[in-house]
Colleague: 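Below you will find the structure I want to go over with you.
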Amino acid sequence: MAAVGALRQTARLASSSALLQVLFRAVTFGLNALTLRYLSRELLGVVSVRLTLLYSTAVFLAREAFRRACLSGGAERSWAATINLLWLTVPLGVFWSVFLGFVWLHVLEVPDPSVVPHYQAGVVAFGLSAVVELLGEPFWVLAQAHLFVRLKVIAESLSIVSKCTLTVILVILYPQWGLHIFSLAQLLYTSVLVLCYVVCFAKFLGSPEATKKSFPITRMKGLLPNWMADKAFLNWKEAWLTWSFFKQSFLKQILTEGERYVMTFLNVINFGDQGVYDIVNNLGSLVARFIFLPIEESFYVFFAQVLERGKNVKDQKQDDVAMASNVLELLLKLVLLIGLTIAVFGCAFSQLALDIYGGSMLSSGTGPDLLRCYSLYVLFLAVNGVTECFTFASMCKEEVDRYNFVMLALSFVFLCISYFLTRWHGSVGFILANCFNMGIRIAHSIQYIYEYFKESSYRPLTGLLPSPFLILAYVISGGITVYSEAFFCCDKGWMSRLIHISIGALCFAATTITMFCTETKLVHFVRSQFLSQYMKKGT
């Protein structure tokens, strides 16, 4: 059955993505920790918040809608028209880069040149890097739609390692270069990323493997814009769907990067505090980037291929509906348990993790409280990623348009809450506001999923209900580790720290054993879909 094959390929993509990201980014984790000891908090704040926001906003607004629309099509499509549509991301990216660059240079507060030199060059470089990355968009969508298992992760990981390596070398040898260091590293990152895709497709197209798979593109010229005399230049169904997603993506970007917009435009905290917040934010989001994001992106493709967008459950193939429901239930259970584990154990080990990673600059002040709150936020991220993954893969155009109004209201409320919570509780207020934001989005998606399956016998939302014995294990482990942190950590020497770590390891082992005993269906799903390829290699 096609749905079974899609599930196997999707699970393989997600598990390979997660594993490779852990392996590659372990290197960047160490490189970043080394760089941290050579830079000022102010420089980190400008790079991590101000300039990264410029780059991410330009890229997101230029491509996110195109990605969602073009990944929703079935096998019967004109890929030439889809590729023509995807190339529109480049001029759109140029527009957003120029417009945002003007705002960043002439509207926002400019950092003190004696503290953060070469700010203007940094704005230009980060805007240019956004355009460079968009040159690889047709390659990315084609690879994702055909489930190229390792290309995406290897390309991203190699580019990140290259960026971090160059940053460390320049920071140690030429610290006076300031933002020139990060500008060159950012341009290297996007160049390596696009080059990996180009080289891979140059080798793949025309090969026996491509012929065997009946790949729709036969040569590199087919990945360029092409005027077809007998066919429409664009896939207008995808184009209109792109417009709907574009209106939504604008609002989603505000919700996703809301705290950075508040920092950038309202100046609620200084550049130094912004730097500390971003470091903690990056540490806290490691699991989201390593595990949740690959699962969300891969299973979005699965749901979009198995289910017909906008159709009622009763009007679809019941075997495919049953599989989609079962996969959704188990995915919800999987990410929920991962999120609960992070929330419970992250609370007791935040200060120790920050002290090891960045020293007293991070482990003192608000750093530990930030990471503790972020551990709770990871739980919200986990559930929201999977629920929205299914929701956006099955919504019709009209439902997407209606959801845009919900996002509009939510964006306004979120920004207001971010501003007031930050005034009240500093940078911790940003994370609390994000928890509220994710909670509302989860509630909307849960309501949609409930209505979607209401007329069937399937109840995938039961995946959000873990075993009572497992909940009890989490509560006991959380209480023991919090008490252990208060008694042994973190200013009583390394022996006390090791005792605290050992107690945490024992609690984690007990929780994991309880999970294996109570969630047997989930364990079978993970072993059969995510781990089967590695188990086969080992036999």
Side-chain angles (χ1 to χ4, degrees), residues 21 24-25 27-29 31-36 38-40 42-64 89-90 93-105 108 110-111 116-137 140 152 154-198 253 256-257 260 263-264 271 274-275 278-279 281-282 285 289:
Q21 288 210 39
F24 275 101
R25 297 207 182 192
V27 178
T28 65
F29 186 82
L31 293 175
N32 287 333
L34 178 63
T35 304
L36 197 61
Y38 289 87
L39 301 173
S40 67
E42 288 74 20
L43 183 61
L44 284 172
V46 171
V47 173
S48 301
V49 178
R50 178 71 68 86
L51 295 182
T52 302
L53 183 64
L54 166 66
Y55 156 78
S56 64
T57 302
V59 168
F60 190 94
L61 293 179
R63 79 182 180 191
E64 179 68 12
T89 59
V90 177
V94 172
F95 166 77
W96 283 116
S97 295
V98 172
F99 174 75
L100 294 172
F102 177 84
V103 174
W104 259 238
L105 288 173
L108 300 179
V110 176
V116 184
H118 315 302
Y119 173 72
Q120 289 78 9
V123 170
V124 174
F126 274 72
L128 179 61
S129 71
V131 178
V132 171
E133 182 167 341
L134 292 170
L135 293 173
E137 196 58 21
W140 186 94
K152 174 179 177 292
I154 291 178
E156 291 183 355
S157 300
L158 286 177
S159 57
I160 291 173
V161 170
S162 302
K163 173 184 175 180
C164 291
T165 303
L166 180 62
T167 301
V168 170
I169 293 173
L170 295 180
V171 163
I172 294 175
L173 297 179
Y174 306 103
Q176 70 277 9
W177 283 14
L179 287 181
H180 283 329
I181 296 173
F182 296 93
S183 300
L184 292 172
Q186 180 67 18
L187 287 170
L188 177 66
Y189 164 78
T190 54
S191 300
V192 171
L193 184 65
V194 174
L195 188 61
C196 286
Y197 279 96
V198 172
Q253 176 67 3
T256 303
E257 301 280 10
R260 287 180 170 83
M263 290 182 201
T264 300
F271 287 121
Q274 290 179 24
D278 191 73
I279 293 169
N281 181 64
N282 287 334
S285 63
R289 294 200 304 268

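Since this is a predicted model, take the numbers as computed values, not measurements. In this chain, residues are counted from 1 in sequence order.
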Colleague: Not counting sequence neighbours, which residues clear side-chain contact (heavy atoms from CB on, under 4.5 Å) with Leu51? List them please.
Modeller: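 Residues passing side-chain contact (heavy atoms from CB on, under 4.5 Å) with Leu51: Val46, Tyr119, Val123, Phe126, Leu179.
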Colleague: Rounded to the nearest 0.5 Å, what separation is found between the CG atom of Leu134 and the OG atom of Ser129?
Modeller: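 Output value for this atom pair is 9.5 Å.
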Colleague: With a cut-off of 3.5 Å and sequence neighbours excluded, list every side-chain donor-acceptor pair involving residues 53-61.
Modeller:
from  : atom 1 : to     : atom 2 : distance (Å)
Tyr55 : OH     : Glu133 : OE1    : 2.2
Ser56 : OG     : Thr52  : O      : 3.0
Ser56 : OG     : Leu53  : O      : 3.3
Thr57 : OG1    : Leu53  : O      : 2.7
Thr57 : OG1    : Tyr261 : OH     : 2.6

Colleague: Let's go through Val90 and Glu137 carefully: what are the C-alpha distance in whole Å and the side-chain angles of both, what is the deciding distance for side-chain contact (heavy atoms from CB on, under 4.5 Å) to 0.1 Å, and is it a yes or a no?
Modeller: CA-CA 9 Å; Val90 177; Glu137 196 58 21; over 6 Å; no
Colleague: Taking C-beta and beyond as the side chain, do Leu128 and Ser97 meet within less than 4.5 Å on heavy atoms?
Modeller: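 Not in contact.
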Colleague: To the nearest 0.5 Å, what is the distance between CD1 on Ile154 and CG on Leu193?
Modeller: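 Nearest 0.5 Å value for the CD1-CG distance: 12.5 Å.
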Colleague: What do the steps show when you test Val116 against Arg50 for side-chain contact (heavy atoms from CB on, under 4.5 Å), and what is the final call?
Modeller: CA-CA 12 Å; Val116 184; Arg50 178 71 68 86; over 6 Å; no
Colleague: Do you know the tightest heavy-atom contact between Trp104 and Leu108?
Modeller: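 Trp104 and Leu108 have their closest heavy atoms at CD2-CD1, 3.7 Å.
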Colleague: Sub-3.5 Å donor-acceptor pair from the side chain of Ser159 to the main-chain atoms of Glu156, do we have one?
Modeller: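 Such a contact is found between Ser159 side chain and Glu156 backbone.
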Colleague: State, yes or no, whether a side-chain contact exists between Gln186 and Val47 at a heavy-atom distance under 4.5 Å.
Modeller: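 In short, these two side chains do not touch, never coming nearer than 4.5 Å.
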Colleague: Run the numbers on Leu166 and Ser162 for side-chain contact (heavy atoms from CB on, under 4.5 Å), then give the verdict.
Modeller: CA-CA 6 Å; Leu166 180 62; Ser162 302; over 6 Å; no
Colleague: Can you list every pair that meets side chain to side chain donor-acceptor pair (under 3.5 Å) and has a residue in residues 166-182, with sequence neighbours left out?
Modeller: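 Qualifying pairs, neighbours excluded: His118-His180.
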Colleague: Can you give me the closest heavy-atom contact between Arg63 and Thr89, atom names plus distance?
Modeller: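 Heavy atoms of Arg63 and Thr89 come nearest at CA-CG2, 4.1 Å.
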Colleague: For Thr190 versus Leu187, what's the shortest heavy-atom pair and its separation?
Modeller: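 Scanning both residues completely, I find the closest heavy atoms to be OG1-O, 3.2 Å.
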Colleague: Looking at Ser48 and Gly45, would you say the former's side chain and the latter's main chain have a donor-acceptor pair under 3.5 Å?
Modeller: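 Answer holds: no.
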Colleague: Using 30° and 60° as the class limits, which term best fits the ring planes of Phe99 and Phe95: parallel, tilted or perpendicular?
Modeller: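 Rings of Phe99 and Phe95: parallel, under 30°.
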